[in-house]
Protein chains: 2
Amino acid sequence: MLEQVISSEVDACRVLLDQLADKWTFTVFLALRDQPHRFNELRRRVPGITQKALTQSLRRLERNGMVSRRIVETAPPGVEYSVSAIGKSMSEPLDVLAQWAVRQLPSILAAQAQFDSRPESHAHSDAADLADYDTVTVRSRF
Amino acid sequence: MLEQVISSEVDACRVLLDQLADKWTFTVFLALRDQPHRFNELRRRVPGITQKALTQSLRRLERNGMVSRRIVETAPPGVEYSVSAIGKSMSEPLDVLAQWAVRQLPSILAAQAQFDSRPESHAHSDAADLADYDTVTVRSRF
DNA sequence: CCGAATCCGTCGCGATACTG
DNA sequence: CAGTATCGCGACGGATTCGG
């Protein structure tokens with residue numbers, strides 16, 4: 001029945017989201033999408049990231065087959081990361097999502113502002129939880 | 001330059017991901033997408049969710065303008081949630097992603113299996129962290 | 001240069017109990 | 001029926017330190 005079809009999509013999507021949705025993995029993927037990079041190159045391309053976080057993100061992406069890790073024989077030896085074929089194929093649906101997000105962002109921000117500007121109605125939270133949402137949202141490195 | 005364009009997409013996408021990527025919100029959204037539902041209806045449609053988690057997810061979706069909350073005057077009174085216009089528009093790019101995920105899921109699982117089946121190479125983790133990934137991935141309510 | 005290993009603070013989440 | 005309030009744990013992210 002219908003439920004079955006939906007649930008498979010749900011699961012597949014959740015798997016995907018779980019992979020990308022931690023704090024850095026998605027950003028790292030985008031930083032790596034244009035061209036291969038070495039470890040510390042990536043670290044510079046993603047300001048604010050820790051070695052630990054970068055390693056975790058790369059391992060995660062590598063495990064899912066999204067990026068490939070290659071040892072380059074130079075002096076001193078280095079490691080080069082690049083997005084794989086399947087990783088590139090993921091870019092397309094991601095771009096669709098990104099375009100939607102860019103277009104709808106104003107509407108979303110407006111909805112957020114409207115929602116936040118009525119502490120009476122059924123607002124339970126003491127506005128402490130909402131604070132970070134906004135700051136994170138507005139953040140744009142220009 | 002190019003970097004600027006990319007960064008805006010990154011930010012917009014990250015905002016979107018941050019909204020959907022917590023444990024339940026995305027699932028709740030899908031459960032609500034087909035038709036409006038009341039609170040406890042939703043709770044039954046999303047097995048395993050807590051009242052608290054459901055409330056949080058709904059508040060979050062409501063804040064972003066994705067769902068609407070409506071008080072229905074019956075006896076006893078109830079609350080009806082439904083996805084808004086902007087929420088429905090989000091379904092389209094999400095479907096693109098879902099279709100990709102469904103198609104690529106076998107490849108992803110294969111890559112994971114291959115990655116996990118070489119504890120020697122540069123596997124650092126004691127296979128403890130990997131366990132949950134797999135179980136979560138395989139999970140499908142049939 | 002490329003990580004691994006450890007400690008530690010924070011927060012999401014679940015379980016439970018209570019309200020109108 | 002539709003939530004709110006509180007508690008406790010476990011996972012996650014950040015900072016730091018050590019190794020190949």
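In what follows, every chain begins at residue 1, and chains take the letters A, B, ... in the order their sequences are listed. Small disclaimer: the values here were computed from a predicted structure and weren't measured.
The phosphate of D:dA2 has neither OP1 nor OP2 within less than 4.0 Å of any side-chain N or O from B:R69. Within the 4.0 Å cut-off from OP1 or OP2 of C:dC2, not a single side-chain nitrogen or oxygen of A:R43 is found. Taking 4.0 angstrom as the limit, B:Y81 places none of its side-chain polar atoms (N or O) nearer than this to OP1 or OP2 of D:dC1. The side chain of A:R38 places an N or O atom within less than 4.0 Å of a non-bridging phosphate oxygen (OP1 or OP2) of C:dC2.
Within the structure, salt bridge (Lys or Arg N to Asp or Glu O under 4.0 Å) pairs that include any residue of residues 82-93 of chain B do not occur (at least two apart or interchain). Applying the side-chain hydrogen bond (donor to acceptor under 3.5 Å, both in side chains) definition to pairs two or more places apart or across chains, those involving residues 98-108 of chain B are A:S89-B:W100.
Under the rule for a side-chain hydrogen bond (donor to acceptor under 3.5 Å, both in side chains), B:Q51 has no partner lying at least two apart in sequence or in another chain. With sequence neighbours excluded, the residues forming a side chain to side chain contact (heavy atoms under 4.5 Å, CB included) with A:L17 are A:R14, B:L17, B:F26, listed by chain and number. Looking at residues two or more places apart in sequence or on another chain, you find a salt bridge (charged side-chain N to carboxylate O under 4.0 Å, His left out) between B:E80 and B:R70. The side chain to side chain contact (heavy atoms under 4.5 Å, CB included) check on B:A98 picks up A:E9, A:C13, with sequence neighbours excluded.
Using a 4.5 Å cut-off between side-chain heavy atoms of Ile, Leu, Val, Met, Phe, Trp and Tyr, B:V96 falls into a hydrophobic cluster with A:V96.
If you take CG on B:N64 and CZ on B:F29, they are separated by 11.0 Å, rounding to the nearest 0.5 Å.
Rounding to whole angstrom units, CG of residue B:L58 and C1' of D:dA2 are separated by 11 Å. Counting to the nearest Å, the P atom of C:dG12 and the CG atom of B:D18 are 11 Å from each other. Rounded to whole Å, the distance from CZ on B:R60 to C1' on C:dC11 is 12 Å. Per the geometry, CD belonging to A:Q56 stands 18 Å off P belonging to C:dC2, to the nearest Å. Between B:E62 atom CD and D:dA2 atom C1' the separation is 13 Å, expressed in whole Å. In this structure, A:I71 atom CD1 and D:dG20 atom P are separated by 16 Å, rounded to whole Å. Atom-to-atom, CG of A:L54 to C1' of C:dC1 comes out at 13 Å; the value is rounded to the nearest Å. Atom CZ in B:R70 sits roughly 13 Å away from atom P in D:dA2 (whole-Å rounding).
Inter-axis angle, ends of the helix from C:dC1-D:dG20 to C:dG20-D:dC1, five pairs per end, rounded to 10 degrees: 40°.
Here the side chain of A:R59 is nearest to one of D:dT4, C:dG3, C:dC1, namely C:dG3.
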If you restrict it to nitrogen or oxygen atoms, what contacts under 3.5 Å exist between nucleotides 14-19 of chain C and the protein, and what is each distance?
| unit_1 | atom_1 | unit_2 | atom_2 | d |
| --- | --- | --- | --- | --- |
| C:dG14 | OP1 | B:K23 | NZ | 2.9 |
| C:dG14 | OP1 | B:W24 | NE1 | 3.2 |
| C:dG14 | OP2 | B:W24 | NE1 | 3.1 |
| C:dG14 | O6 | B:K52 | NZ | 2.2 |

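In terms of heavy-atom proximity, A:R38 sits nearest to A:G78 at NH2-CA, 3.6 Å.
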